[in-house]
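What follows is a single structure, written as structure tokens, with notes after it.
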Amino acid sequence: MDPAWLAAAVFLLLWQCAGCTRAGKEWTYAGAVGQSEWSEFFPECGGFSQSPIDVDTSRTLHDPSLAPVQPLGYGQYGHEPFTLSNNGHTVEMPLPSWMGVAGLPWQYSAVQLHLHWGNGIGVATGSEHTIDGQGASAELHVVHYNSELFANMSQAKTQGNGLAVLGVLIEAGSETNHAYAQIFNYLGRIRYAGQRVAIPAFDVQTLLPRDLSRYFRYNGSLTTPPCYQSVLWTVFAEKVKISHYQLLKLETVLYSSRSTAPTEPIPMQDNYRATQPLNHRPVLSSFIPVSVKIYTDGEISAIVIGSLCGCIGLAVIVWFVVKTIRSTSSWDVLPSVRPPPQSRTKDVAKNLKQDMALKTTSDLGKKEEAAPQPEP
Ligand SMILES: *[C@@H]1O[C@H](CO)[C@@H](O)[C@H](O)[C@H]1NC(C)=O
Ligand SMILES: *[C@@H]1O[C@H](CO)[C@@H](O)[C@H](O)[C@H]1NC(C)=O
């Protein structure tokens, strides 16, 4: 074969491959490179230890050795402002490397935090992790890399035990969350992908729930492509509340498209991944979870009807007992008052004949002949 042709073929192949990785990088949550297609472009997304997961508290393993999570330096934010950016998939805030987390098997250094949310229609959709099948409205992720084993994030993110992410489920309530307001107040400045804004630094720990001792722990992955299976997950049991207005703002202010895009701006919504199969991975809990079973409407009516029947039954029994006690004196004379037994069997026979009369005429005769004659 002509070496020139070979070179051309190799060049074409390489060029095509560059094209396919370029296309692969433009992933989205829905559409052509939506989450069900991620594994075609990013093979690790089809792995067996993917995140997020549904935490089934009836199957979690209580591990009393799991110590409370200790944020390190989250409150030492210095004088430098933080930077908030719209990366086309989420709102992201890099964290200074002196922040970290202890209480995990290694020392981890903070990298960034970001959020996932829904579209303002479903109340319990938007979070990535779910607990006993119940989602929350949004989820905060604080990403760390293992600074004991690795030099930096880019080295750690592909390796086992490389990353540790803290997951916080967020639900909507009536009160404004002033910690989250420190991020949400600036979303209007980064509406389009690629935009960034400097914001006053603040105590990052205020974004976490108060109780850092109750959490679920498992080995999983990044929840966005390339889905590296390098994450030790901590999902806190306590949820954080933001106001309905704050949630609405998060769900509606940002676009996943650039300001220069020729098309209509694309709202940044539903940027959460569906829960992935657990595939026999253990999920540890630092506490003994109380399974809060959520009943369906049918189950609730069954319970109500059941209890009602139970109450009526109890009332009948009580009434009968009271009546019996009251008539104890007449109880002794009851046998003599009781009608003779044969008249009762006659009644039964009469009833039986009436029943037979209701049957179809064709087998009426036969049935009446065959009807057992009551003993006198
Ligand atoms: C990460 O660390 C490796 C190994 O020390 C180094 O080669 C690489 O340049 C570093 N990357 C970044 C982004 O700092
Ligand atoms: C996560 O995987 C490591 C091995 O890579 C293992 O030692 C550790 O026990 C696992 N942790 C959990 C919570 O399953």
Side-chain angles (χ1 to χ4, degrees), residues 21 25 43-71 80 82-83 85 87 92-114 128-132 139 141-169 196 208-209 211-238 275-289:
T21 51
K25 272 178 191 151
E44 283 215 45
C45 296
F48 293 105
S49 300
Q50 288 290 294
S51 293
I53 57 160
D54 173 48
V55 176
D56 178 351
T57 59
S58 68
R59 286 161 189 260
T60 52
L61 306 169
H62 177 221
D63 181 351
S65 74
L66 291 178
V69 170
Q70 293 174 310
E80 291 288 303
F82 288 156
T83 304
S85 69
N87 66 14
E92 185 178 309
M93 194 175 93
L95 293 174
S97 58
W98 69 74
M99 290 187 188
V101 67
L104 295 160
W106 286 276
Q107 284 275 342
Y108 289 86
S109 187
V111 180
Q112 50 104 334
L113 61 77
H114 62 264
E128 299 212 295
H129 288 91
T130 60
I131 298 177
D132 291 331
E139 187 166 331
H141 288 161
V142 191
V143 181
H144 305 75
Y145 79 91
N146 186 332
S147 50
E148 269 189 67
L149 299 184
F150 304 102
N152 52 44
M153 172 67 174
S154 46
Q155 206 188 39
K157 68 183 177 188
T158 57
Q159 309 292 316
N161 302 314
L163 307 179
V165 181
L166 306 182
V168 178
L169 299 188
R196 58 182 59 227
L208 303 182
D211 185 356
L212 302 180
S213 68
R214 294 161 72 240
Y215 58 81
F216 303 101
R217 166 84 35 89
Y218 76 100
N219 281 317
S221 73
L222 298 177
T223 64
T224 55
C227 310
Y228 296 131
Q229 300 188 149
S230 54
V231 181
L232 185 61
W233 275 95
T234 302
V235 179
F236 292 108
E238 188 189 333
T275 54
Q276 302 295 305
L278 193 57
N279 296 321
H280 306 294
R281 277 174 287 172
V283 179
L284 309 179
S285 65
S286 65
F287 64 110
I288 300 171

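All ligand and atom numbering here is 1-based and tracks the order in the structure.
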Which of the atoms of ligand 1 are close to [X], meaning less than 4.0 Å from one of its heavy atoms?
X: Ser154; result: 11 (N), 12 (C), 13 (C)
X: Ala151; result: 2 (O), 5 (O)
X: Asn152; result: 1 (C), 2 (O), 3 (C), 8 (C), 10 (C), 11 (N), 12 (C), 14 (O)

Hey, are [Y] and [X] close enough side-chain-wise for a donor-acceptor pair under 3.5 Å?
X: Thr275; Y: Asp54; result: no
X: Thr60; Y: Tyr218; result: no
X: Ser85; Y: Asn87; result: no

Problem set entry | Check: Asp211 side chain, Glu238 main-chain N or O, donor-acceptor pair, under 3.5 Å |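 Flag not set: sc Asp211 to bb Glu238 has no pair under 3.5 Å.
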Exercise. Distance-only, no hydrogens or angles: does the Thr223 side chain make a donor-acceptor pair with backbone N or O of Ser51 under 3.5 Å?
Worked result: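 It does not hold such a pair.
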For this session: Scan Trp233, Phe287, Phe236 and name whichever one has a ring pair (Phe, Tyr, Trp, His ring centres under 6.0 Å) with Phe216.
Result: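 Exactly one candidate clears the test, Phe287.
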Between the protein and ligand 2, are there any N or O atom pairs that come within less than 3.5 Å of each other, and if so, what are their names and distances?
residue, atom, partner, partner atom, Å
ligand 2, 2 (O), Asn219, ND2, 2.2
ligand 2, 11 (N), Asn219, ND2, 3.0
ligand 2, 14 (O), Asn219, ND2, 3.4

Problem set entry | Any N or O of Gln155 closer than 3.5 Å to N or O of ligand 1 |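 Between Gln155 and ligand 1 (N or O atoms, distance only) the closest approach is not under 3.5 Å.
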Exercise. Does atom CG of Leu61 have more than 12 heavy-atom neighbours, drawn from other residues, nucleotides or ligands, at distances under 6.0 Å?
Worked result: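 Yes, because the 6.0 Å sphere around CG of Leu61 holds more than 12 heavy atoms from other groups.
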Exercise. Should we say atom CZ of Arg281 is surrounded by more than 12 heavy atoms from elsewhere, each under 6.0 Å from it?
Worked result: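 Counting other residues, nucleotides and ligands, CZ of Arg281 exceeds 12 neighbours.
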